[in-house]
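Before any comments, here is the structure.
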Amino acid sequence: MNTVVLNLEPIMHLTDEQFYQLCMANRDLNLEMNAKGELIIVPPVGGESGGQEADLITDLNNWNRQTRLGKVFSSSTIFKLPNGAQRSPDAAWVKLERWEALTPEERKKFPPLMPDFVIELRSETDSLKSLQDKMQEYVENGLRLGWLINPQDGQVEIYKLGQPAKVVQLPAILSGEEVLPGFELQL
C-alpha cells in the first residue's frame, strides 16, 4: 500500500476541529493534512520498520527520562504546524517549557506547535522525495533538529534550522547537539 493524497479543496476545506473529528472517527487510519489542505493517508509499516521505530522512540525516551528536559511523542501524535499543516513524525521531542506553555485543551488535542526535534524513518512504502519535502516543511516551521533515517540507501539526512541538509552514511553515531544535549544514537 502506498501513501494516498486526497485533494479536498475543490469541495471543502477542513477546519482544525473537523480534521480532529475525522481522525477520531477513523482511528484505524494514519491521517495527516498538508498546508494546502490535502488529506494524506499514510499506510501502516511492516514489522521491520515498526521495530526500528520502537527502538528509536525507546532510545529517545530513555535519554529524556534521565534529563527531564522535554516530552517525547510517538508517530500517533499529530502536531498542528504554524503553516496549518497537521503532521505526525515517527518520533518527536518538545522542550518542556514549550510543552508546559500549552493549555490543557491544546495538549489534549493536536498540539499547535512544531516539535524541537523529529525523526522520520523511511519505510518500504515511503517515497524519499515526499519525506524530504516533509522534513523541509518541518524546518520552515521552526524545527531545530531533525533526522531522516533512510535504511534503503544506507544514509541519514540531518536537518537544522537555517542550514542545508547534511547527508551522513550509515553506520553512524548521531548527536543531539545543543537541542538534545548528551543524546547520541548509534545506527
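When a residue number appears, it is its place in the shown sequence, counting from 1. If you're wondering where the values come from, they're calculated on a predicted model, not measured in any experiment.
L96 and W63 fall into different hydrophobic clusters, where Ile, Leu, Val, Met, Phe, Trp and Tyr residues are linked whenever their side-chain heavy atoms come under 4.5 Å apart, directly or through other members. By the rule that hydrophobic residues join a cluster once side-chain heavy atoms approach within less than 4.5 Å of another member, L69 and L161 end up as members of separate clusters. By the rule that hydrophobic residues join a cluster once side-chain heavy atoms approach within less than 4.5 Å of another member, V156 and I173 end up as members of separate clusters. L81 is not connected to I78 by any chain of hydrophobic side-chain contacts under 4.5 Å among Ile, Leu, Val, Met, Phe, Trp and Tyr, and they are in different clusters.
Checked by atom type and distance alone, the side chain of N26 pairs as donor or acceptor with a backbone atom of L22 at under 3.5 Å. Looking at D90, its side chain does come within 3.5 Å of a backbone N or O of L121 through a donor-acceptor pair. Counting only distance, with no hydrogens or angles, the side chain of N150 and the backbone of D153 share a donor-acceptor pair below 3.5 Å.
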Test side-chain hydrogen bond (donor to acceptor under 3.5 Å, both in side chains) on N61 and T58 and set out the steps.
CA-CA 5 Å; N61 200 45; T58 299; over 6 Å; no

Before you tell me yes or no, could you show the steps for I119 and W93 under side-chain contact (heavy atoms from CB on, under 4.5 Å), namely the whole-Å CA-CA distance, both residues' side-chain angles and the distance that decides it to 0.1 Å?
CA-CA 9 Å; I119 299 174; W93 180 85; over 6 Å; no

Take S88 and N30 through the side-chain contact (heavy atoms from CB on, under 4.5 Å) test and state the conclusion after the steps.
CA-CA 9 Å; S88 57; N30 295 323; 5.9 Å; no

Would you check, one step at a time, whether the test side-chain contact (heavy atoms from CB on, under 4.5 Å) holds for L31 with I41?
CA-CA 5 Å; L31 301 175; I41 305 170; 3.7 Å; yes

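The salt bridge (Lys or Arg N to Asp or Glu O under 4.0 Å) test applied to R87 returns E32, E137, not counting sequence neighbours.
The structure places CD of E120 at 10.0 Å from CD1 of I149, a figure rounded to the nearest 0.5 Å. Atom CD1 of residue I158 and atom CG of residue L174 lie 5.5 Å apart, to the nearest 0.5 angstrom. With values rounded to the nearest 0.5 angstrom, M135 atom CE is found 12.0 Å from S130 atom OG. Atoms CD and OG, from Q132 and S127 in turn, are 8.0 Å apart once rounded to the nearest 0.5 Å. Atom CD of residue E140 and atom CE of residue M114 lie 11.5 Å apart, to the nearest 0.5 angstrom. S75 contributes atom OG, which lies 11.0 Å from atom CG of L56 (distance to the nearest 0.5 angstrom).
Within a 6.0 Å radius of NZ in K80, other residues, nucleotides and ligands contribute 12 heavy atoms or fewer. The environment of E38 atom CD is dense: over 12 non-hydrogen atoms of other residues, nucleotides or ligands sit within 6.0 angstrom.
Taking both residues in full, the closest heavy atoms of F79 and L113 are given as CB-O, 3.4 Å, listed atom of the first, atom of the second, then distance. Minimum interatomic distance between L143 and P115 (heavy atoms only, all atoms of both residues): CD1-O, 3.6 Å. In terms of heavy-atom proximity, S175 sits nearest to L145 at O-CD2, 4.0 Å. Of all heavy-atom pairs spanning N64 and G70, the tightest one is ND2-O, 2.8 Å. Listed here is the closest heavy atom pair of T77 and P89: O-CD, 4.2 Å. The two residues V94 and F73 have their closest heavy-atom pair at CG2-CE1, 3.8 Å.
A side-chain donor from one of Q86 and D16 sits under 3.5 Å from a side-chain acceptor of the other.
For residues 115-144, every residue pair satisfying the ring pair (Phe, Tyr, Trp, His ring centres under 6.0 Å) rule, not counting sequence neighbours, is listed here: F117-W147. Screening residues 94-119 for side-chain hydrogen bond (donor to acceptor under 3.5 Å, both in side chains) gives E17-K109, R98-D116, T103-E106 as the qualifying pairs, with residues at least two apart or on separate chains. Sorted pairs that involve residues 52-70 and meet salt bridge (Lys or Arg N to Asp or Glu O under 4.0 Å), not counting sequence neighbours, are lacking altogether.
You'll find the side chain of E157 reaches within 4.5 Å of the side chain of L128, heavy atoms only. Between P111 and L102 there is a side-chain heavy-atom pair separated by less than 4.5 Å.
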Run the side-chain donor-acceptor check on residues 162-171: report pairs under 3.5 Å with partners two or more places apart or on a different chain.
from, atom 1, to, atom 2, distance (Å)
Q169, NE2, Q155, OE1, 3.4

Which atom pairs, one a donor and one an acceptor, fall under 3.5 Å between side chains of residues 177-187 and the rest of the protein, sequence neighbours left out?
from, atom 1, to, atom 2, distance (Å)
E177, OE1, K160, NZ, 2.8
E177, OE2, K160, NZ, 3.1

